[in-house]
Each structure stands twice: as structure tokens, then as C-alpha cells.
Amino acid sequence: MRMSKLVGRRIKEDPKDAKTVSHKFLIRGGYVRPVSAGIYSLLPVGKRIVEKIERIIREEMDRIDGQEVLMPVILPAELWQESGRFTSVGQELLRFKDRNDKDMLLAMTHEEAVVHLVRTEVSSYKQLPVMLYQLQTKYRDEARPRAGLIRVREFTMKDAYSFHVSQEDLEAYYVRAHEAYERVFKRVGMKNVLSIEANSGMMGGSVSHEFMAVCDCGEDTIITSPDYSYRANREIATAAWTFAKSAPLALEKVHTPGRKTIEEVAEFVGVTAEQTGKAVFYQNVRTGELIFALIRGDFEVNESKLGNVAMASELKFADDAAIRAIGCEPGYASVLSVDPAKVKIIVDRSVAESSNLVVGANEADYHFKNYNFGRDTDGARVTVADIATVREGDPCPLTGAPLTMVRGIEVGNIFQLGTKYSAAMECNFLDQNGKSHPMIMGCYGIGVGRAMAAVIEQSCDEFGPVWPMSIAPYQVQLCALNPGKDGVGEAAEALYAELLVAGIEVLFDDRGEKAGFMFSDADLLGIPLRVVVSPKSLAEGKVEFRTRSSRDTELIDCKAIMGVLKERIKEALN
RNA sequence: CGGGGCGUAGCGCAGUGGCUUAGCGCGUCUGCUUUGGGAGCAGAAAGUCGAGGGUUCGAUCCCCUCCGCCCCGACCA
């Protein structure tokens, strides 16, 4: 490709809105252009990168016996009504009506569509297992798109769905899918991807993992032990907490005028936050049910864990009116007097296993000292669970070593779905005995554009992206410096022609721009290998060669350059 | 959905209740000169000043409404 004809201008200055490096460089390098909030066009160089990522994904999916299909972006609401998601999913699902006033939707994921396909095409245990995948546009009407391609509304996703006769078979396949994902992220050139335990939400005992590209701009928080043996999303991470027990003392009511927060109460009573219990009221958004969460004062409630325990997919803080409506005093609510008939009570282990805590008295300006869960609360009427948010330095549940936190971009997700969709939508198979069962499903996703952005986050310098050879838009950048002089143009043209014949992907800067201008553009394009033809070196029968990742230049004999390039490309692709 | 910010040439930004023609830098086009990290000179094209309404003799500027975009938070199958 000739740069004089390449569509997609490079921009000298950072776009004012962009905060993350991938966002800046994707715009500045002419890879993508915004069309609307969270909706982007891919320009030629961006499209080439995406295609290479997709090719790698296809190869790895085929390797684990995947079969590529293509399902529609637009689906009839009926299909989603079968699974119940037409009504259960919120506003991220874009619904609309066609000319016949029929409810339609833009697919944000394809479980329903793939089940629709499989339940008519597959009916015998002899045909199972099968895995179908596609690379298809997804639309999610995100409330807040951000950070360029990291969180968008419209994007290409590789989504795969496997169907099995048994949980054991699913689990065996899940391991293969996990390995395939590791190969994909390694091959696209991500330097640091962790698979971590993820929140399975309301799916019951199912297992899921997220693949996280580690980088500071990531939206998720990953909890790991120092040796990485434990890796989990903070939403579900736990720790090997131990709590000090001591002999219970008598309950004692204390006057705590105006003290509501843990800090105020602890200071006033003369104890540490560890010696207090904190009551937090939540409300299940869907059902309106109130939840009383009790946790030791120095911990924070983890809403994901609480939601899982409380079987609530969406929680919010309860307002004071709702709290008063069940007879509690906001700021002084007490586990000692709260009515389990009116509110679901969930007590964190940190409270259940501690002694002599300061808790609310359910009366303005009063607290109780020496609360002991086992003695003072009827355990049969409350749920004891782990609802605490892990903190940096808490002990690892596997090794006991202090846990650390890093940020990550979720680039992939694998999930043991079970029969949630197959049962609801009657996707059954007949076993050896002619008996019908719902198929056991798994699903596996990769965000393609997000993966491209994540590679930049992990592989760039101050001048632009440094693309790995496997997904670089071109393999070689050929620059003609001062092409009107001393046969430079002719020599560069000849080398360009030779590269094309050799099947090497080459971007030829034939514009005759000033050196600085040309090099800055080249850096923004991040092409791994660069050859400069200039009057200076050509006079000695040489060209200049360097890689994008190092800034050292080597002089190579004109006759030898093709060999060097072929060698470097081969090396880099292995 | 809550909080904040911004909409003026392709991009980044000034600016003003009237100055008979809205500027600056970058980019674009023409010509010349130039060629090792985003050159110089000369000339040119390019704007419904986000939309609608109001105040006013007169609005890009003041007021109201709406729309769009960005940032923080909430949310995220």
C-alpha cells in the first residue's frame, strides 16, 4: 500500500477528550473515528489489525472443534421472550418495532439465537458435543461508553456456544476453551493476561472465568496472591480472614449523641473500627425487598457478593424513609431489634465470628457495647455469609500471603451456563435410551476491538503503538527519504515492487515528506520493521533498517535487505 | 440516571450586543524554496458561530427549552 493513497490521516496532537493511551493513539494514528458516543468506524489500518486478530481467533476456535456460523444482529422479541430476557434485561437491550408493529431487538449476545439454531439441527447424543461460534456485531446500549474502544455500544465479538450431554463433558470442554483463550491472547501479542475467577451472578453454582489484560486503565479490579495461585475479580474475591474471639461481656447501652458514622462512634466510645458492627440497608431494585447487611466496621460490603447471597440481581442503598418504614432508626439501626419478618438479615462472618462489638441501639443517639452474635441473635432467623470486600493486604485464601490488587481490561470471558437457556427454550437431545434431556451449555466471548485497544495499552511508547508482528497492519514500513534525489525514488520503488512480489505486507511512504514528518507518522502506525531509503546510505549501496521497538538503526546492503526482512518476519511470527 | 464541562472552518481554540467582511494555529489546495524527528515564504479555498424559541432597533454573544459530545459516579446481559 502506498501511503500517498492511504485513507485515515494521522493527527499531531492528542484529542482533547482522550484519557487512555489506546484511545489517543487509535484516533491519532487514523485507526478509528468516532461516529457517535461509543460507536466507531474502522479505517483501513484499524480494519487490517482487526482482521488479523479475527484470523487468530478463528484458527484457535477451529482447533477446539468450533464451527463458524453467522446469526442475525436483529432478532424478533419472541425469541428473547422464551428465555425471559426480553423483560428481565434492562435498557442496555435496544428494543424497537418493525413496520408491522412487531417487537424486535438488536442482539447484545446470542444465546437465544444459537439455541434456536441448535434445537432444530441437533437432536441426538450422537451429534454432541458441538461448538458453534461467530464473529458478529453486538449492540449494547451502554449508559456510558468510555475510553475509546474499551467500552463501546457497538462492537464485534467472537461469541461461541458449546452443547453437551453432561456436566462432565462441559467441564472437559471448558478446559480446552480456557487453553484456546490463553493461546489467542498470547498470539495477538498481549503481554500480561490473567484468567481470573469471575462473578457468575444468579446462575447458581456455575463457573466462569474472565481474561483480564492487566493495565492501569482497566475497569475491573483483580485480586491476586503474590504467586498468582489465587486470582479473582474483586466482585467475588474472598480472603482467609480470622477474627479475634474473647469472652462475651454483658450488653451495655451507651449514649452516643449525634454519632452516626463508624469513625464517630468508635472514637466516641473509645474503640477501633474493628470493634464495631456496621449496619447497611440495601433494597432489591426489582422486588423492593429490604436487606439488612451487618458487617464489621472496618470492612466494606461487597454488593456483588451480597446480591448473590440475597438472590438480588440489582441492589441500591435503601433511603431513610424505607428504613423507618420497617421500624429502624437510620444511623442507629440495630441487629438487636430489627424484625426478620420485615427485612432479610445478612450477617458477614466478620461480625458472626467476633466478640463484644459496638452496634446500634435502634434509638437515636444510642449504641450497645458488647454485642455477641452467637449469644444475642437467633442464628436461625438470619443468614451468615461472606459479604465483605477484599482489601489490599488481606490474607490469600490459598496461601495466606497478603493479597494485592491490579486493574484489568476484560478481554474475554468463558462461562459454564448449564441448562438455563436450553431448558427454558426446549433445546433437548435424546440419550441412548431415547430419553429427552436439556443440553448442557457453555459460552465463550472475546471482544475484538477491545482486544486491539488492550494490546496498545500493553505495547506502546510515547510516540505510538508498537504492534506485535502477528496483528500489525503491515509487516514492513518502507520510507523513501528525499525521493527526487540520487535515484532514491527509483530504488525505493524497486524494493517496494520486490516486497509485494515476495508477499510481504508493506506500507510504502512515497509522499516525499520531510524526514521528521514521515518518521512521526511511521511511529503512530507502529509497524514492526522499518526500511529507509535515503541519498546518504544509498550512495554506499545500503539502506537503513530498524525495528519499531528499538530505536537503533542498522545499515544493510541493498542486496541483503530482502533476506533480512524475511528472516525477521519469520522469527517474529513464531 | 445523578454531578460537572463543552458545542465557533476538517482538527485544536480565541472572540464580540452593532466595528459595514467572525479571527488565530494546525491541516487542505497552488507556487517557490526545502529534505534525518511533525520546515520557510507567498497566495487561496473553507463557517446555517449545535437546533428551536424569547428579549432587543439589532443576538454567534443575554434568557429559556431541546439536542449532541466528553469527564466523574451509578449501572453493565
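Residue numbering restarts at 1 for every chain, and letters A, B, ... go by the order of the sequence lines.
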>> Categorize A:A147 for me: base, sugar-phosphate, or nothing, with a 4.0 angstrom heavy-atom threshold over every strand shown.
In response: sugar-phosphate

>> Can you measure A:R511 atom CZ to B:A39 atom P for me and round it to whole angstrom units?
In response: 12 Å

> Atom CG of A:D14 and atom P of B:G27: how far apart are they, to the nearest Å?
Replying inline: 17 Å

> What distance, rounded to whole Å, do you find between the two C1' atoms, one in B:C32 and one in B:A46?
Replying inline: 24 Å

> Rounded to the Å, how far apart are A:L481 CG and B:G38 C1'?
Replying inline: 14 Å

>> In whole Å, measure the gap between the P atoms of B:G15 and B:C6 for me.
In response: 12 Å

>> Can a donor-acceptor pair be found, under 3.5 Å and without considering hydrogens, that links the side chain of A:R450 to the backbone of A:I150?
In response: yes

> Heavy atoms under 4.0 Å, any strand shown: does A:E303 hit a base, just sugar-phosphate, or nothing?
Replying inline: sugar-phosphate

> What does A:A37 touch in the nucleic acid at a heavy-atom separation under 4.0 angstrom: a base, only the sugar-phosphate, or nothing?
Replying inline: sugar-phosphate

>> Checking contacts here: which listed nucleotide (B:G37, B:C71, B:G36) is nearest the side-chain heavy atoms of A:R530?
In response: B:G37

>> For a quick check under 3.5 Å, do A:R231 and A:S195 share a side-chain donor-acceptor pair by atom type?
In response: yes

>> The side chain of A:S520 is closest to which nucleotide in this list: B:U28, B:A74, B:G38?
In response: B:G38

> Quick check: does any side chain N or O of A:R530 sit under 3.5 Å from a backbone N or O of A:F545, one acting as donor and the other as acceptor?
Replying inline: no

> What nucleic acid atoms does A:E111 come within less than 4.0 Å of, heavy atoms only: base, sugar-phosphate, or nothing?
Replying inline: nothing

> Looking across every strand, which nucleic acid part, if any, lies under 4.0 Å from A:L105 by heavy atom: base, sugar-phosphate, or nothing?
Replying inline: nothing

> What nucleic acid atoms does A:R546 come within less than 4.0 Å of, heavy atoms only: base, sugar-phosphate, or nothing?
Replying inline: base

>> Side chain of A:A143, heavy atoms from C-beta onward: which of B:C75, B:C76, B:U35 has the nearest atom to it?
In response: B:C75

> Which whole number of Å gives the distance between the P atom of B:A14 and that of B:G7?
Replying inline: 7 Å

> Mind checking the P distance from B:G27 to B:G38? Whole angstroms is fine.
Replying inline: 13 Å

>> So A:G512, base contact, sugar-phosphate only, or nothing? Heavy-atom distance under 4.0 Å.
In response: base

>> What's A:E544 touching, base or sugar-phosphate or nothing? Going by heavy atoms closer than 4.0 Å.
In response: base

> Distance check: side-chain N/O of A:R146 vs OP1/OP2 of B:C70, anything under 4.0 Å?
Replying inline: no

> Is any side-chain nitrogen or oxygen of A:S534 closer than 4.0 Å to OP1 or OP2 of B:U35?
Replying inline: no

> Of A:Y173, A:F211, A:F415, which is the lone residue that meets ring-ring contact (aromatic ring centres under 6.0 Å, His included) with A:H178?
Replying inline: A:F211

>> With a 6.0 Å cut-off (strictly less than), is the heavy-atom count around CZ of A:R511, excluding the residue itself, greater than 12?
In response: yes

